[in-house]
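When reading the values below, keep in mind they use all heavy atoms of this one structure, side chains included, and skip hydrogens, waters and symmetry mates. Computed from a predicted model, the values in this text were never measured in an experiment.
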Amino acid sequence: MYLNDFDVLTGAARVQSVSVDDDGRTDVVLDRTCFYPRGGGQDWDTGAIRGAAGEFAVEEVRLDPEGMVHHLGNGPIAVGDEVSLAVDTTRRVMNTRLHSAGHVVDLAVERLGLPWVPGKGAHYPHMSFVEYNAALAPEETEATLVRIQQAARDVVGAGSTNEIRFMPVSEMGDYCRNVPDNIPTNKPARIVLYSDDFGVPCGGTHVRDVSDIGTLTITKIKSKKGVTKVSYAVEGIN
Ligand SMILES: [Zn+2]
């Protein structure tokens, strides 16, 4: 359910299976879910699944290769239960702002006309960065940091509404400058349009308006062996 809109944090579902994982935690699969499983460099949601028997505390959420979402935690729950879902809003909003900030760094790089090819990224409170296949001379690092930060802050400051679109991977090239060849096939294929024209193939959670990100700071740029790593922080988070 989180894929369809920007802030689906509650919902109703039915319990499909209950098992025990290797760590002794209860593993719950639902017929639908708004819990985000860790993926794409974004951390999982926590929260609660409530039914007639009481509350199941969701500690971790994982997506398996078949596209099933596993809610791991503890509490009373049984197959067939009709339950209500409640994602921990504070944690989700934090992860969403951090993740969206990574895309705005990409957008800033694009706006500056830097011929950098995006690689991997991480959007965790203790570690937020985006990497590019790009070489950068040491003497250019500081000036580039300042330029990217300014361009990113300009995007956030201007504000713009993001848009979600579902489409086959083969059509993503019409909207996205970079379409990785390893797009996961265990989630519906989706792009998010930032700032009207900057599409990103992504199954993560995103802010509705880029201004919701807040103050974005580029904390460090490091370039080594053709890989340039841009680390960033969002005020109030990291
Ligand atoms: Zn993303």
Side-chain angles (χ1 to χ4, degrees), residues 1-103 122-128 161-166 184-190 192 202-209 211-214 234 236-238:
M1 290 149 68
Y2 61 81
L3 287 164
N4 299 322
D5 206 342
F6 293 99
D7 42 20
V8 180
L9 295 161
T10 58
R14 176 191 285 265
V15 178
Q16 280 197 326
S17 77
V18 177
S19 56
V20 178
D21 79 353
D22 296 341
D23 301 322
R25 289 182 299 181
T26 305
D27 178 340
V28 177
V29 175
L30 307 166
D31 66 340
R32 74 195 69 178
T33 188
C34 55
F35 281 84
Y36 182 74
R38 182 182 237 175
Q42 183 185 329
D43 221 343
W44 62 71
D45 285 336
T46 58
I49 300 175
R50 296 187 182 94
E55 181 172 311
F56 179 87
V58 179
E59 295 165 358
E60 186 176 340
V61 188
R62 288 192 187 152
L63 182 70
D64 74 18
E66 279 77 47
M68 301 298 277
V69 178
H70 298 264
H71 308 76
L72 307 170
N74 292 288
I77 200 154
V79 172
D81 284 357
E82 298 287 347
V83 292
S84 63
L85 317 177
V87 168
D88 181 322
T89 308
T90 305
R91 179 180 163 101
R92 162 70 79 81
V93 168
M94 186 179 76
N95 287 336
T96 298
R97 288 171 59 212
L98 270 181
H99 169 221
S100 295
H103 286 301
H123 318 288
Y124 304 110
H126 64 282
M127 180 179 64
S128 306
T161 309
N162 290 335
E163 196 190 321
I164 288 169
R165 287 193 198 172
F166 292 88
T185 52
N186 58 352
K187 279 188 191 183
R190 187 186 79 159
V192 179
C202 185
T205 68
H206 300 255
V207 294
R208 185 179 293 276
D209 192 293
S211 63
D212 296 335
I213 291 170
V234 171
I237 299 179
N238 56 356

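- Once rounded to the nearest 0.5 Å, the distance linking CZ of Arg25 with CG of Leu72 reads 4.5 Å.
- Between the NE2 atom in His70 and the OG atom in Ser17 there is a gap of 7.5 Å [rounded to 0.5 Å].
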Side chain to side chain contact (heavy atoms under 4.5 Å, CB included) between Val87 and Tyr2, intermediate numbers included = CA-CA 10 Å; Val87 168; Tyr2 61 81; over 6 Å; no
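- In terms of modelled atom types and a separation under 3.5 Å, the side chain of Arg190 and the main chain of Leu3 share a donor-acceptor contact.
- Interatomic distance, CD of Gln16 versus CE of Met68, reported as 5.5 Å (0.5 Å rounding).
- Between Pro65 and Asn186, the closest heavy-atom pair is O-CB, 3.4 Å.
- Under a 3.5 Å cut-off, the side chain of His123 and the backbone N or O of Gln42 do not form any donor-acceptor pair.
- The CG atom of Leu98 sits 11.0 Å away from the CE atom of Met127 when rounded to the nearest 0.5 Å.
- Distance check, rounded to the nearest 0.5 Å: CG of Asn238 to OH of Tyr124 gives 13.5 Å.
- Between Glu55 atom CD and Ile77 atom CD1 the span is 10.5 Å, to the nearest 0.5 Å.
- Asp81 contributes no side-chain N or O that, together with a main-chain N or O of Ala52, makes up a donor-acceptor pair within less than 3.5 Å.
- Checking side-chain atoms of Arg97 against main-chain N and O of Val207 turns up no donor-acceptor pair under 3.5 Å.
- Between Asp7 and Arg92 there is no salt bridge, since no side-chain N of the basic residue sits under 4.0 Å from a carboxylate O of the acidic one.
- At distances below 3.5 Å, not a single donor-acceptor pair connects side-chain atoms of Arg14 with backbone N or O atoms of Arg32.
- Applying the side chain to side chain donor-acceptor pair (under 3.5 Å) rule to Thr96 yields the partners Thr205; only residues at least two apart in sequence or on another chain are considered.
- Within 6.0 Å of CE in Met1 there are more than 12 heavy atoms belonging to other residues, nucleotides or ligands.
- Cys202 places a side-chain heavy atom less than 4.5 Å from the side chain of His99.
- Contact record, Gly54 with Pro76: CA-CG, 4.0 Å, taken as the closest heavy-atom pair.
- Contact check for Val83 versus Phe56: no side-chain heavy atoms found under the 4.5 Å cut-off.
- Looking only at side-chain heavy atoms (C-beta outward), Met94 and Val234 stay at 4.5 Å or farther from each other.
- Among the candidates Thr46, Thr33, Thr26, the single residue satisfying the side-chain hydrogen bond (donor to acceptor under 3.5 Å, both in side chains) test with His71 is Thr33.
- Judged by distance alone, the side chain of Asp64 and the main-chain N or O of Glu66 form a donor-acceptor pair under 3.5 Å.
- Within the 4.5 Å cutoff, no side-chain heavy atoms of Tyr36 are placed close to those of Val61.
- At least one donor-acceptor pair under 3.5 Å links the side chain of Asp209 to the backbone N or O of Ser211.
- Between Arg62 and Asp27 no salt bridge is recorded (no basic side-chain N to carboxylate O distance below 4.0 Å).
- Across all their heavy atoms, Leu85 and Leu30 have their closest contact at CD2-CD1, 3.6 Å.
- Between Val58 and Asp45 the shortest side-chain heavy-atom distance does not fall below 4.5 Å.
- Here the side chain of Arg91 pairs a donor or acceptor atom with the backbone of Trp44 at under 3.5 angstrom.
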